[in-house]
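Bear in mind the structure is a predicted one, so any value in this text is a computation, not a measurement. Every number for a ligand or one of its atoms is a count from 1 in the order of the listing.
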Amino acid sequence: MSLRLKFNLVMLITLAIGIGLAYITSKRILEDNAKQEVLLNADIMMEMAKGIRGYTVDEVKPIIQAGGHEEFIKQTVPAYAATRNFERLRKRFPEFTYQEATLNPTNPAHRATDWEKGIVDYFTSNPSATEYSGIKETATGKLLYTSHPLRITNPKCLDCHSTPEAAPAAMLELYGRENGFGWELNSVVGAQIVYVPMSIPLERARIALKIFIISLTAIFVFIWLLLNILLHFVVIRPVTRMAEQANLISKGQIDVPEFEVKGSDEIASMASSFNRMHRSLASAVKLIKKQRTTTVRSK
Ligand code: HEC
């Protein structure tokens, strides 16, 4: 097996092991990062929804009321403002879905499913928890979700959610007296949940992984080429020449020119040793030839 073949085989094995290890370790990290990034986006969206809720009840509703509007205006309902705003946001990010899963909702469309009740229960039994996230298996694939508790912290919320008597009459006409009441200050009434298909972070991770592996391979191939060129000029070429010269000398061509010594590396010192050996051999051969001719003459 030639030196070049041995060297390239070792490089190839190193490349395969290196790229394989990089793939395995970075795949997990990149997927986790992509999930965290998507969850962070979802968190921001939920905080926006919460912000709009507070804004509507604290700033919009008082102005409308001060204007003498007695009738119930749905635009002053925080949940309406929050969900309408999210609908607009979804035009740009259609993959995100927002739910206000509530145990006893004013609008039945917001009633928590059995699975969502589990999340609300978690927040009720863990009052210090501010976030809960995970992966949900569905018939259409895996969903990544994150949730925040819907806790009643603003007393103004109870204007419409404490008792039917306290709520605007027009609201009762629309939503009835049965649902969405009896909420208490500081209690958890539901959970804001944002769902995103798992394929979104996985696709982001796949693209990042592809770029990473391609650049790693490119760097490796570049180094491989460079080392091959170096191996050729620094080792293989001088050693082959020296071997050819040794071959000629061994066949009796003592007068071949001396090997050109370049630099001061190991190959150069081998070349000067080789030249020294060549010279001693040449003078030894000359001496033998001379002795032979004098013996012949003296006979
Ligand atoms: C002006 C009356 C009013 C006020 C004040 C009000 N809400 Fe509501 N709330 C409603 C109505 C009406 C709905 C149903 C909206 C719909 O049809 O989507 C609702 C819906 C909700 C929902 C969605 C679940 C459900 O019941 O359908 C949550 C959660 C909610 N409100 C929480 C709050 C919080 C928190 C506050 C205080 C920041 C608040 N609300 C203040 C009237 C009000």
Residue portion contacting ligand 1 (non-hydrogen atoms closer than 4.0 Å) for W183: side chain
Under 4.0 Å from ligand 1, counting heavy atoms only, is it the side chain of L150, its backbone, both or neither? side chain
Please confirm whether [X] comes under 4.0 Å of ligand 1, counting heavy atoms of the residue only.
| X | result |
| --- | --- |
| Y175 | yes |
| I152 | yes |
| K61 | yes |

Would N104 count as a polar contact of ligand 1, with the cut-off being nitrogen or oxygen pairs under 3.5 Å? no
N107 to ligand 1: N or O pair under 3.5 Å? yes
Do me a favour and list the nearest non-hydrogen protein atom to [atom] with residue, atom name and distance?
| atom | answer |
| --- | --- |
| atom 30 (C) of ligand 1 | R53 NH1, 3.4 Å |
| atom 20 (C) of ligand 1 | A79 CB, 3.2 Å |
| atom 5 (C) of ligand 1 | C160 SG, 3.5 Å |
| atom 18 (O) of ligand 1 | H110 CE1, 3.0 Å |

Identified side-chain contact (heavy atoms from CB on, under 4.5 Å) partner of M46 from the options H148, E131, E100: H148
Can you spot which of I119, V194, T97, L39 makes a side-chain contact (heavy atoms from CB on, under 4.5 Å) with Y145? I119
Quick one: do Y132 and F123 satisfy side chain to side chain contact (heavy atoms under 4.5 Å, CB included)? Show the steps, please. CA-CA 8 Å; Y132 185 81; F123 286 125; 3.6 Å; yes
For [X], counting its heavy atoms only, list the atoms of ligand 1 lying under 4.0 Å from any of them.
| X | answer |
| --- | --- |
| H161 | 6 (C), 7 (N), 8 (Fe), 9 (N), 10 (C), 19 (C), 21 (C), 30 (C), 31 (N), 32 (C), 33 (C), 39 (C), 40 (N), 41 (C), 42 (C), 43 (C) |
| K156 | 5 (C) |
| P78 | 4 (C), 6 (C), 7 (N), 39 (C), 41 (C) |

